[in-house]
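One structure is given here, and the rest of the page talks about it.
Quantities reported herein were computed from a predicted structural model and do not represent experimental measurements. Basis for what follows: all heavy atoms, side chains included, without hydrogens, waters or symmetry-related copies. First the proteins, then the strands, lettered A, B, ... as listed; each starts at 1.
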Amino acid sequence: MEAFTLKVIQIIKNIPSGKVMTYGQIAAYAGSAKAARQVVRVLHSMSEKYKLPWHRVVNSKGHIAIKDYEGHAFQRMLLASEGVNFIEDDYIDLKKYLFYPDLFLES
DNA sequence: TGCTTGACATGGG
DNA sequence: CCCCATGCCAAGC
């Protein structure tokens, strides 16, 4: 797989509990700011294999991206259990929970 | 090799 | 706030 994909995996694994990152942000830190859609694929295909904290990834608006109602509720529940509060039970305050990785920590 | 597929992002109307 | 078009790009077939 591409080096980019591996970085995405590592970055996601480094998101601390109680914090979140957006697809675009992850793509940017991984080296390709415009590859947000690849982050989506990684979550779909590697979450289980690499035990990724997939629920800590949301879209740029602070909304949960899952379309399926059940899945959507499940992710919101997981985040809530880590202390992430939802405004109007609908979205997250990114200014408060967005995580900014240490730029010099990657390999 | 070429085409399709997304849990996206962003700007306009 | 909603809907739409457009840009993007690795992976799978």
Measure the spacing between OH of A/Y50 and CD of A/Q10 and express it to the nearest 0.5 Å.
10.0 Å
A/L52 has an atom CG; how far is it from atom C1' of B/dA7, in whole Å?
14 Å
By nearest-heavy-atom nucleotide on DNA chain C, the more 5' of A/A35 and A/S45 is A/A35
Any donor-acceptor pair under 3.5 Å between the side chain of A/Y23 and the base of B/dA7?
yes
The side chain of A/I66 lies closest to which of these nucleotides: B/dA7, C/dA11, C/dC9?
B/dA7
d(NE2, A/H63; P, C/dC2) in whole Å
8 Å
Here the distance between atom C1' of C/dC2 and atom NZ of A/K67, to the nearest Å, is 13 Å
Establish, with yes or no, whether the OP1 or OP2 oxygen of B/dC8 is under 4.0 angstrom from a side-chain nitrogen or oxygen of A/T22.
no
Could you say whether A/K61 or A/Q75 is positioned toward the 5' end of DNA chain B, judged by the nucleotide with the nearest heavy atom to each?
A/Q75
Ionic contact status for A/D89 with A/R76, cut-off 4.0 Å
yes
In plain terms, say whether A/E82 and A/K19 are close enough for a salt bridge, that is, a side-chain N and a carboxylate O under 4.0 Å apart.
no
Check the surroundings of atom CZ in A/F99: do more than 12 heavy atoms from other residues, nucleotides or ligands lie under 6.0 Å from it?
yes
What integer distance in Å separates A/L79:CG from B/dA7:C1'?
13 Å
Mind calculating the distance between NZ (A/K7) and P (C/dA10) to the nearest angstrom?
13 Å
Taking atom types as they are modelled, would you say the side chain of A/R37 forms a donor-acceptor pair with the base of C/dG7 within the 3.5 Å cutoff?
yes
Think A/S60 has a side-chain N or O under 4.0 angstrom from the OP1 or OP2 of B/dA9?
yes
Per side chain to side chain contact (heavy atoms under 4.5 Å, CB included), A/I26 is matched among A/I9, A/V39, A/L43 by A/V39
Whole-Å distance, A/I9 CD1 to C/dA10 C1', equals 12 Å
Take atom CD1 of A/I87 and atom P of C/dC1, then tell me their distance rounded to the nearest Å.
11 Å
Within this structure, what is the CH2-to-C1' distance between A/W54 and B/dA7, rounded to whole angstrom?
9 Å
Residue whose closest nucleotide on DNA chain C lies nearer the 5' end, A/M1 versus A/K34:
A/K34
Indicate, with a heavy-atom threshold strictly under 4.0 Å, whether A/Q38 touches base, sugar-phosphate, or nothing.
base
Touch check for A/H72, heavy atoms < 4.0 angstrom, all strands: base, sugar-phosphate only, or nothing?
nothing
